[in-house]
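Here's the structure, in C-alpha cells; my notes come after.
Worth saying up front: this structure is predicted, and the values here are computed from it rather than measured. Keep in mind that the numbers below use all heavy atoms, side chains included, and drop hydrogens, waters and symmetry copies. By convention in this document, chain letters (A, B, ...) are assigned in the order of the sequence lines, proteins followed by strands, and residues within each chain are numbered from 1.
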Number of protein chains: 2
Amino acid sequence: MSKWANAVPSRAEQTDNKRKAIIREAARVFNRRGSHGTTLDDVAERLGVTKTALYRYVNNKNDLLFACHEEAMEIANEHLGIGERDGSNGLEKIRIGMTGYLRTMISDMGVPVLILEENALADGTAGPIIALRDAFEKRLRRLVEEGIRDGSIVPVNPKLAVFMLLGAVHWVTKWYSPEGPWTAEQASEALIELATRGFSAQPGAALTSDLHQSIMSFTAARPNEG
Amino acid sequence: MSKWANAVPSRAEQTDNKRKAIIREAARVFNRRGSHGTTLDDVAERLGVTKTALYRYVNNKNDLLFACHEEAMEIANEHLGIGERDGSNGLEKIRIGMTGYLRTMISDMGVPVLILEENALADGTAGPIIALRDAFEKRLRRLVEEGIRDGSIVPVNPKLAVFMLLGAVHWVTKWYSPEGPWTAEQASEALIELATRGFSAQPGAALTSDLHQSIMSFTAARPNEG
DNA sequence: TTATTTAGTGAATATTGAGTAACAATAGTT
DNA sequence: AACTATTGTTACTCAATATTCACTAAATAA
C-alpha cells in the first residue's frame with residue numbers, strides 16, 4: 001500500500017496542506033486589514049495562484065474566515081491546556097498558556113486571529129465561533145479565579161482582567177512584524193510578563209524578560225508607518 | 001442681528017452639529033465592524049436619514065474616516081495634556097491622561113476610535129493620521145521614560161509598555177456596551193488601574209477601583225454573544 | 001496506452017456599495 | 001405672495017469583488 005515508506009505525501013495530504021496554507025495566509029492578511037478589507041485576489045496572489053483555485057479548497061470567503069477563527073481557537077485551547085498542566089498556580093497557568101499561544105500565533109500565522117469583527121461572519125455562521133470564543137474566555141476567567149483563591153493573583157474582577165489581557169495580546173496584530181528586531185519568543189514573553197504583572201499578587205520589583213532588561217533599544221518594528 | 005437672544009442655533013451651527021453627529025455615529029460603527037465592514041447606508045440609517053444626505057456634510061467615506069481619527073486624536077491629546085499637568089510623576093500622568101481619554105471616548109463616541117486598519121484610509125490620506133498617532137504614542141513613551149526616571153515606573157521597555165496599554169484600551173471596543181452594568185467611569189478607571197499596575201514601581205497589594213472591589217458581580221455586558 | 005480524476009486557468013455573472021443627478025419639500029427673505 | 005437657499009429624497013451609474021462556468025493540463029489508475 002504505502003510507497004516510498006510514506007516519504008512522499010499522498011494526494012489527500014497535499015490537499016490538506018494546501019488548505020492549511022490558504023488558511024494561514026488568509027489569517028495573516030485578515031489580521032492586518034480586516035476580512036472586509038481583504039479580497040480573495042489578495043490571498044490568492046500571496047499564494048501564487050488565481051482566486052478561482054481557492055474555491056477548490058474552501059466553499060467561500062465566509063468559510064475561510066470561519067476556518068481561520070477555528071484554527072486560532074484550537075491553538076489557544078491547546079496552549080491553555082499546557083498551562084493548566086504545567087503551571088503550579090493560577091497565575092503561572094495563565095502565563096504559560098498565553099505565552100505559548102501568543103508565540104505560536106505570531107510565528108505561525110504571522111499574528112493572532114481571534115479578532116472577531118462583528119458581523120464579519122455571515123448570519124448564522126458566527127454562532128459556533130462566538131461559542132468557542134466565549135468558552136475560551138470563560139476558561140481564562142476560571143484561571144483568574146483560581147489564582148485569586150490560591151493567592152497568586154490579587155483580588156480583581158476576572159472579566160476585566162481577561163479583557164485587559166486579551167486586549168494586550170490581540171493588539172500585537174497592529175505592531176508586531178517578524179522583520180522587526182524582536183523575535184516571537186521575546187515579544188511574547190515580555191508582553192505577557194508585563195500584562196499579567198498587572199494582577200499578580202507578588203509583582204516582582206523588576207521585569208525579567210530580555211526586552212525589558214535592555215531598555216536602551218527603544219526601537220521596534222512598525223511596518224505601517226512612515 | 002441675533003434673534004431670540006441666540007437661543008436658537010444658527011444655520012451654520014446646526015450644520016456643524018449635524019456633521020459632528022455623523023462623525024460620532026460613524027465612529028461607533030467603524031469601531032464595531034471596521035470601516036470596510038461598514039456601509040454609509042448603515043451610518044445613515046442609524047441617523048434616520050438616507051445615505052445621500054450624508055454627502056452634504058462630508059465629501060466621501062474616506063473623509064469621514066479621516067475625521068473620526070482626527071477627532072479621536074484630539075481627545076487623546078487633550079487628556080494627555082491634563083495628565084501631564086495634574087500628575088505628579090510619570091505613572092500618575094499616564095493614569096490620569098488615559099483614564100480621561102478612555103472615559104470620554106466611551107461615553108462620547110461609544111468607544112475609542114484609534115484603531116487604524118491598514119489600508120483603510122486611501123492612499124495619501126493615511127499619512128497625516130499616522131503622524132498624529134505616532135506623535136501620541138511617542139508622547140506616551142516619554143511619560144513612561146519619565147516614570148522610570150522618577151521611580152514611579154519599573155524599568156520596562158517603553159515601546160512594549162505603550163503597546164500593552166494601548167491594546168488593553170482599544171480592545172474596549174470589543175466588549176464595552178453602555179447598556180451593560182458598568183458605567184464609562186467605572187470601566188475606564190478599573191481598566192487603566194489594572195493595566196498600568198503592570199509597570200508600576202509600587203504596585204498596591206489590592207486594586208482600589210469599584211469593579212475590583214465587588215468581584216462577586218462576575219457578569220458584564222457582551223453585546224454580541226448568545 | 002487510454003481513461004479518469006484532480007488542479008488550475010481565464011472569462012463570464014451577480015451583488016454590493018460608493019458616489020451622482022434631478023427633483024421635492026422646507027425655511028428664510030424680500 | 002414670490003423668490004432663493006438649504007436640506008433631503010428617489011432613482012440612478014459605475015467600479016470592485018465574490019462566485020460560477022467552461023475549459024485545459026497534469027497526475028493517477030486501468
State whether [X] places a side-chain N or O below 4.0 Å from either non-bridging phosphate oxygen (OP1 or OP2) of [N].
X	N	answer
Lys18(A)	dG8(C)	yes
Thr52(A)	dG8(C)	no
Thr50(A)	dG10(C)	no
Tyr55(B)	dG8(D)	no

Given atom [atom1] of [X] and atom [atom2] of [N], what is their separation to the nearest angstrom?
X	N	atom1	atom2	result
Leu40(B)	dA16(D)	CG	C1'	15 Å
Gln14(A)	dT28(D)	CD	C1'	12 Å
His36(B)	dT17(D)	NE2	C1'	13 Å
Leu65(A)	dA18(D)	CG	P	12 Å
Lys61(A)	dT20(D)	NZ	P	15 Å
Lys51(B)	dT9(D)	NZ	C1'	13 Å
Arg33(B)	dG17(C)	CZ	P	11 Å
Leu64(B)	dA18(C)	CG	P	11 Å

Parallel, tilted or perpendicular: which describes the rings of Phe163(B) and Trp175(A), with under 30° parallel and over 60° perpendicular? parallel

Side chain of Tyr57(B) only, heavy atoms from C-beta on: which candidate in dT9(C), dA7(C), dG8(D) is closest? dG8(D)

Choosing from dA18(C), dG8(C), dG8(D), which nucleotide comes nearest the side chain of Ala53(B)? dG8(D)

Do Lys138(B) and Asp134(B) sit within salt-bridge range, that is, some charged N less than 4.0 Å from a carboxylate O? no

Inspect the contact between Lys93(A) and Glu84(A) and indicate whether a charged nitrogen and a carboxylate oxygen are less than 4.0 angstrom apart. no

What pair of heavy atoms forms the shortest contact from Leu160(A) to Ala190(B), and how long is it? CD2-CB, 3.4 Å

Which atom pair, heavy atoms only, marks the closest approach of Asp42(B) to Gly37(B)? OD2-O, 4.2 Å

Reckon Thr39(A) touches a base, only the sugar-phosphate, or nothing at all at heavy-atom distances under 4.0 Å? sugar-phosphate

Taking for each residue the nucleotide of DNA chain C with the nearest heavy atom, is it Arg56(B) or Asn62(B) whose nucleotide lies nearer the 5' end? Asn62(B)

